[in-house]
Asker: 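Attaching a single structure in structure tokens format; questions to follow.
Atoms within a ligand are numbered from 1 in the order they appear, just like the ligands themselves.
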Amino acid sequence: MNFYYSLDTIIMTLQIKSLEAYKTIYQKSVEKPEAFWAEQADTFVWRKKWDKVLDWEFKTPNVKWFVGGKLNITENCLDRHLEERGGKTALIWESNEITGTTQKYTYRELHAAVCQCANALKANGIEKGDRVCFYMPMVPELAIAVLACARIGAIHSVVFAGFSAQALADRIKDAKAKMLICSDYNRRGAKNIPVKQVVDDALTMGCDSVKTVLVHKNTGDSIDMNALDVWWHEAMQGQSTECEATEMDSEDMLFILYTSGSTGKPKGVVHTCGGYMVYTCFSFKNVFQYQEEDVYWCTADIGWITGHSYIVYGPLLAGATTVMFEGVPTYPDAGRFWAICEKHKVNQFYTAPTAIRALMAKGDNWPEQYDLSSIKVLGTVGEPINEEAWKWYEEKIGKGKAPIVDTWWQTETGGVLITPLPGITDTKPTYASYPMPGVQPILVDAEGKEILENEKEGLLCIKFPWPSMLRTTYGDHQRCCHTYFSPFKDKYFTGDGARRDADGRYRIIGRVDDVINVSGHRLGTAEIENAINQHPQVIESAVVGYPHDIKGQGIYAYVIVGEEAKNNTDLEKAIRAVVNTEIGPIAKPDQIQVVSGLPKTRSGKIMRRILRKIAAKDMDKLGDVSTLLNPEIVEEIKKGRG
Ligand code: PRX
């Protein structure tokens with residue numbers, strides 16, 4: 001098979017270059033979505049072309065893109081680039097230590113590494129359709145093994161390596177993963193975190209489906225090797241660097257990624273091969289206006305959707321050079337991000353508002369020490385960005401010449417749906433702005449009626465499918481239907497509230513469900529409450545988000561405790577420890593308030609609206625509390641807020 005495509009063709013194809021082009025393309029994408037997406041999909045390598053572009057109905061839901069098409073996404077990420085640009089750098093890996101190594105993989109080298117790993121997975125019993133769970137730091141082997149799964153049709157499920165053993169076990173069990181890939185330790189700043197130990201603990205929690213644990217030696221510090229464990233380097237030994245890609249149906253599962261919702265258990269969002277490929281590549285090219293010689297860096301972790309779509313798949317599909325960083329923004333000092341930008345002459349830099357706020361707080365002298373003149377586009381993702389942080393980013397990092405793309409999307413959307421296009425559409429602080437071609441956002445009121453006027457707020461829905469939308473929640477299709485498609489007829493409900501300005505720009509206000517966004521990490525309040533309630537002295541708890549200068553939202557926990565806890569001076573510490581064990585450090589409450597009761601309706605429902613206002617110290621507008629079952633509790637809680 002000939003995969004020859006010139007890189008110019010790959011990068012430039014249908015890259016939107018002007019405001020007029022955006023308007024025309026957008027119009028076309030809405031009027032003739034099938035024709036529009038078929039044109040995009042035509043720029044990829046398909047083993048067999050699709051019979052039909054789209055089959056859909058939102059009720060069940062049932063969405064299929066490029067129906068009957070056959071492909072392998074890694075042939076599009078790797079093989080098709082080889083002939084012309086096999087020597088181009090695909091991946092630059094920057095280690096945690098500033099004095100440490102930088103590893104570079106050309107497209108040819110990455111192809112070989114992925115094939116070798118794919119052969120090793122096969123040799124260890126992995127077949128098409130098997131689930132492979134990951135619990136790894138940000139090392140190149142993570143990207144390589146993810147692609148190796150895709151190469152042979154195994155479904156990857158990457159778990160962020162900051163989650164606890166319990167959270168990892170829950171995800172392994174839900175996906176019935178046959179293999180787990182981990183590292184010995186995770187280098188994060190000055191610490192070495194024992195990753196393998198967490199894996200060993202998780203495997204004592206009934207993960208019977210796991211037959212092999214592939215262990216990558218990262219730091220080389222000592223670990224226990226158990227019966228199921230196989231060293232990565234030994235598994236790779238003798239494996240060929242060629243591996244025929246497995247033919248996948250366009251709608252075969254590519255990966256599962258767990259994310260929090262408003263009910264207790266995280267759900268496995270499922271993405272499929274064809275549509276995800278087309279949309280992540282299309283959006284990457286356009287959102288970042290990537291050009292052939294550019295170096296692109298997204299600081300996310302591959303444990304989240306941003307890392308999947310915009311460190312691994314999107315950039316590699318487009319033939320880009322993508323940077324991957326092992327460490328943290330403040331190690332060895334608050335100049336680290338800028339040092340990396342200078343070192344690799346980064347052209348597109350994509351990070352989270354929480355990181356921007358944290359670095360802004362460290363002072364302007366950090367970015368001032370570095371040459372940031374290579375930066376052409378700045379991106380943000382994951383949470384609303386406040387105006388102050390937006391302006392600092394624009395001035396101190398972009399020096400006023402790099403447009404900011406405030407990209408709104410979700411694990412479920414697979415790719416960026418609402419964003420400015422840099423240099424093409426305008427930017428306005430705190431506005432994610434305009435929909436991508438093919439994306440039809442609308443605002444609805446609580447009854448689901450579309451709000452047609454501008455300068456209004458409402459609930460954000462999408463009314464037509466786009467190729468990279470979730471197809472199901474793993475093992476529980478009903479839940480997918482219930483969460484996203486039942487709230488409003490014939491619409492995908494995002495869970496976010498938004499405002500549309502006079503010119504049609506969207507500003508995302510935040511979640512309207514019981515999900516909070518802490519440092520860009522999505523957490524269900526019910527999930528945290530379940531964890532807190534594991535503490536033997538806790539009777540009941542209610543968790544809400546509240547404004548936090550750096551994290552965007554902090555976690556505020558109201559807890560009712562038993563008599564025996566009244567003298568427990570270590571209670572707060574103990575509650576945080578339980579949350580740490582059940583979920584991980586990211587879910588630890590910032591503030592804990594012991595209360596004697598929670599405000600409840602007569603039907604026993606906790607009035608979170610009141611708790612949110614008290615946590616935010618917005619006590620004046622609590623509204624009428626007289627209809628509560630226990631109105632007197634509100635005064636007590638207000639006093640206790642301090
Ligand atoms: O509330 C929105 C917020 O993050 C949620 C999605 O979280 P997650 O699935 O973890 O994916 C994050 C990375 C894509 C959304 O429902 N969010 C995401 N991007 C923005 C945002 N809020 C405001 N502005 C954004 N640009």
Asker: Quickly, which of Glu412, Glu527, Glu383 forms a salt bridge (Lys or Arg N to Asp or Glu O under 4.0 Å) with Arg522? Name it, please.
Answerer: Glu412
Asker: Measure the distance from atom 13 (C) of ligand 1 to every protein heavy atom, then report the residue, atom name and distance (to 0.1 Å) of the closest one.
Answerer: Thr306 OG1, 3.4 Å
Asker: Take the angle between the ring planes of Tyr434 and Tyr22 and call it parallel below 30°, perpendicular above 60°, tilted in between.
Answerer: tilted
Asker: Please state whether the rings of Trp37 and Tyr279 are parallel, tilted or perpendicular, taking 30° and 60° as the class boundaries.
Answerer: tilted
Asker: Does Gly382 come within less than 4.0 Å of ligand 1, judged by its heavy atoms?
Answerer: yes
Asker: Within ligand 1, which atoms have a heavy atom of Val381 less than 4.0 Å away?
Answerer: 13 (C), 14 (C)
Asker: Output all residues satisfying side chain to side chain contact (heavy atoms under 4.5 Å, CB included) with Glu395, sequence neighbours left out; order by chain, then residue number.
Answerer: none
Asker: Would you mind running through ligand 1 and noting each atom that sits below 4.0 Å from a heavy atom of Arg522?
Answerer: 6 (C), 7 (O), 8 (P), 9 (O), 10 (O)
Asker: Give the contacting part of Pro384 toward ligand 1: side chain, backbone, both or neither, where contact means a heavy-atom distance below 4.0 Å.
Answerer: both
Asker: Is there a polar contact between ligand 1 and Thr494, counting only N or O atoms under 3.5 Å apart?
Answerer: no
Asker: Would you call the rings of Tyr310 and Trp409 parallel, tilted or perpendicular, taking 30° and 60° as the class edges?
Answerer: perpendicular
Asker: Among Arg507, Glu412, Glu383, Gln410, which one has a heavy atom closest to atom 25 (C) of ligand 1?
Answerer: Glu383
Asker: Can you check whether Thr259 has an N/O within less than 3.5 Å of an N/O in ligand 1?
Answerer: no
Asker: Tell me: protein heavy atom nearest atom 2 (C) of ligand 1, and distance?
Answerer: Asp496 OD2, 3.0 Å
Asker: Under 4.0 Å from any heavy atom of Asn517, which atoms of ligand 1 are there?
Answerer: 3 (C), 4 (O)
Asker: How far is atom 18 (C) of ligand 1 from its nearest protein heavy atom, and which residue and atom name does that atom have?
Answerer: Trp409 O, 3.3 Å
Asker: Parallel, tilted or perpendicular for Phe485 and Phe58, by the 30°/60° rule?
Answerer: tilted
Asker: With sequence neighbours excluded, what pairs up with Phe284 under the ring pair (Phe, Tyr, Trp, His ring centres under 6.0 Å) test?
Answerer: Phe288, Tyr290, Tyr296
Asker: Is the ring pair Phe255/His271 parallel, tilted or perpendicular, if the boundaries are 30 and 60 degrees?
Answerer: tilted
Asker: Quick one: which ligand 1 atoms are inside 4.0 Å of a heavy atom on Asp406?
Answerer: 24 (N), 25 (C), 26 (N)
